[in-house]
Protein chains: 2
Amino acid sequence: MARLPATRDVFAAIADPTRRSLLDRLRAGEQPVKQLAAPFEMSAPAISQHLSVLCEVGLVTQRRVGRQRFYRLNPEPLQQVADWVADYEHFWSDKLASLGDYLEEES
Amino acid sequence: MARLPATRDVFAAIADPTRRSLLDRLRAGEQPVKQLAAPFEMSAPAISQHLSVLCEVGLVTQRRVGRQRFYRLNPEPLQQVADWVADYEHFWSDKLASLGDYLEEES
DNA sequence: AGTATAGTTAAGCAAATACTTAATTATCAA
DNA sequence: TTGATAATTAAGTATTTGCTTAACTATACT
């Protein structure tokens, strides 16, 4: 037997470093694929496939202009990630706080 | 040809739903594997392998007590994720703000 | 000593992933 | 209409992943 179908969710989408870079670049604003893909040493189809994953989970939207395809960032789905991580934030801030106490006692 | 070695980082570690659940459960405190694994319908080795991934990226630590292995949450590496997502937060809050403006104008 | 318990390591497998090159679609330009 | 450009879809491949069962290690119980 093997694992379950592994529905592609936001967490899976941002697990890939290339896809995170693409999102990072899109923060500069809507861009056509050519421009977006410029810094990557990867074939155009590879980029196209990554963009379609991002599209599927709603992290980007598409707009056609002539023969170009403009991609735009849609960060809302990242809220899911932010929400999940937020539940852990007090754990490390508590740790930092106790480290602070420790340093204070030492000084 | 194929892809590059794909070093396992925090983003990859939290991409798997089972591993996220394990972390969620560990928020209740340090636990032996048996207790931690109880709700999962998965073999013990599968859980063990997930825990070792979490260990590799530093999200959990281990402590041996008799024949038990206690795992403890170490949330610090999640800061990386929090930091990355934080850069996107103003994007969606801007969007919400403009939605707010829109709703205000409508009323 | 013998056996049960907690957990990992080993080996193997099917599906998913991240690429590749080749072919295709669609638009623009001469 | 011919050709170049922008991008995708198709098909194929190597690697990784998430599981499984079987075997192993180590501690505890009787």
Side-chain angles (χ1 to χ4, degrees), chain A residues 1-26 29-57 59-73, chain B residues 1-26 29-57 59-73:
Chain A
M1 303 292 162
R3 69 172 164 229
L4 296 171
T7 60
R8 193 107 72 155
D9 65 351
V10 192
F11 287 92
I14 66 166
D16 183 89
T18 303
R19 285 195 291 265
R20 285 200 303 280
S21 288
L22 285 169
L23 293 174
D24 287 342
R25 283 180 63 73
L26 278 172
E30 197 188 38
Q31 292 165 67
V33 176
K34 202 81 197 288
Q35 185 183 334
L36 199 54
F40 299 93
E41 291 181 351
M42 203 178 285
S43 67
I47 297 294
S48 196
Q49 286 154 20
H50 280 306
L51 286 171
S52 89
V53 170
L54 293 174
C55 228
E56 272 171 46
V57 301
L59 278 168
V60 301
T61 56
Q62 240 181 343
R63 184 171 66 101
R64 299 187 50 166
V65 176
R67 58 190 155 180
Q68 298 185 106
R69 229 98 144 191
F70 283 81
Y71 279 86
R72 175 197 292 271
L73 178 64
Chain B
M1 302 294 160
R3 69 173 162 226
L4 295 171
T7 61
R8 190 107 73 157
D9 65 350
V10 191
F11 287 91
I14 66 166
D16 184 90
T18 302
R19 285 194 292 264
R20 285 200 303 280
S21 288
L22 285 169
L23 293 174
D24 287 341
R25 282 180 64 74
L26 279 171
E30 197 188 38
Q31 291 165 68
V33 176
K34 203 82 196 288
Q35 185 182 335
L36 199 54
F40 299 93
E41 291 181 353
M42 204 178 288
S43 67
I47 297 294
S48 196
Q49 287 153 20
H50 281 306
L51 286 172
S52 88
V53 170
L54 293 175
C55 227
E56 273 171 43
V57 302
L59 278 168
V60 302
T61 57
Q62 239 182 343
R63 185 171 66 100
R64 300 186 52 166
V65 175
R67 60 190 155 179
Q68 298 185 105
R69 229 98 146 191
F70 284 80
Y71 278 86
R72 175 196 293 271
L73 179 63

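Note on naming: letters A, B, ... go to the chains in the order of the sequence lines (proteins, then strands), and numbering restarts at 1 for each one. Note that this is a predicted model, so its numbers are computed, not measured.
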Can you measure Gln68(B) atom CD to dC29(D) atom P for me and round it to whole angstrom units? 11 Å
For the pair Gln62(B) (side chain) and Val60(B) (backbone), establish whether a donor and an acceptor sit closer than 3.5 Å, ignoring hydrogens and angles. no
Of all heavy-atom pairs linking Tyr71(A) and Leu26(A), the shortest is O-CD2, 3.3 Å
Distance check needed: dT20(D) P versus Phe40(B) CZ, whole Å only. 13 Å
Taking CD from Gln62(B) and C1' from dT25(D), how many angstroms apart are they, rounded to a whole number? 14 Å
Quick one: Arg63(B) CZ to dT8(C) C1', roughly how many Å, whole number? 19 Å
Rounded distance (Å) that lies between atom P of dG18(D) and atom CD1 of Ile14(B): 13 Å
Would you indicate which nucleotide in dT20(D), dG7(C), dA7(D) comes nearest to any side-chain atom of Val33(A)? dA7(D)
Please give, in whole Å, the distance from dA7(D) P to Met42(A) CE? 17 Å
Within the 4.0 Å heavy-atom criterion, would you say Gln35(B) contacts the bases, only the backbone, or no part of the nucleic acid? nothing
Separation of atom CZ in Phe70(B) from atom P in dA6(C), rounded to whole Å: 12 Å
How close do Ala12(B) and Ala15(A) get, counting heavy atoms only, and between which atoms? CA-CB, 4.2 Å
Taking for each residue the nucleotide of DNA chain C bearing the nearest heavy atom, is the 5' side occupied by Arg67(A) or by Arg19(A)? Arg19(A)
Classify the nucleic acid contact of Pro32(B) as base, sugar-phosphate or nothing, counting any heavy atom under 4.0 Å across all strands shown. sugar-phosphate
What's the closest nucleotide to the side chain of Thr18(B) if the choices are dT9(C), dA26(C), dC19(D)? dC19(D)
From the list dT20(D), dC19(C), dG7(C), which nucleotide is the closest neighbour of the side chain of Ala46(B)? dT20(D)
Shortest side-chain distance from Ser43(A), nucleotide among dT21(C), dT9(D), dA22(D): dT21(C)
With a 4.0 Å cut-off on heavy atoms, is Tyr71(A) in touch with a base, just the backbone sugar-phosphate, or nothing at all? sugar-phosphate
Under-3.5 Å donor-acceptor pair between Gln49(B) side chain and dT20(D) base: yes
Arg19(A) and side-chain contact (heavy atoms from CB on, under 4.5 Å): which single residue from Leu59(A), Val57(A), Val53(A) fits? Val53(A)
Ignoring the backbone of His50(B), work out which of dC19(D), dA7(D), dT8(C) is nearest its side chain. dC19(D)
Rounded to whole angstroms, how far apart are CD1 on Ile47(A) and P on dA7(D)? 11 Å
List the steps, then state whether side-chain contact (heavy atoms from CB on, under 4.5 Å) holds for Arg25(B) with Phe40(B). CA-CA 11 Å; Arg25(B) 282 180 64 74; Phe40(B) 299 93; 3.8 Å; yes
Looking at the side chain of Arg69(B), which of dT20(D), dT8(C), dA22(C) is the nearest nucleotide? dT8(C)
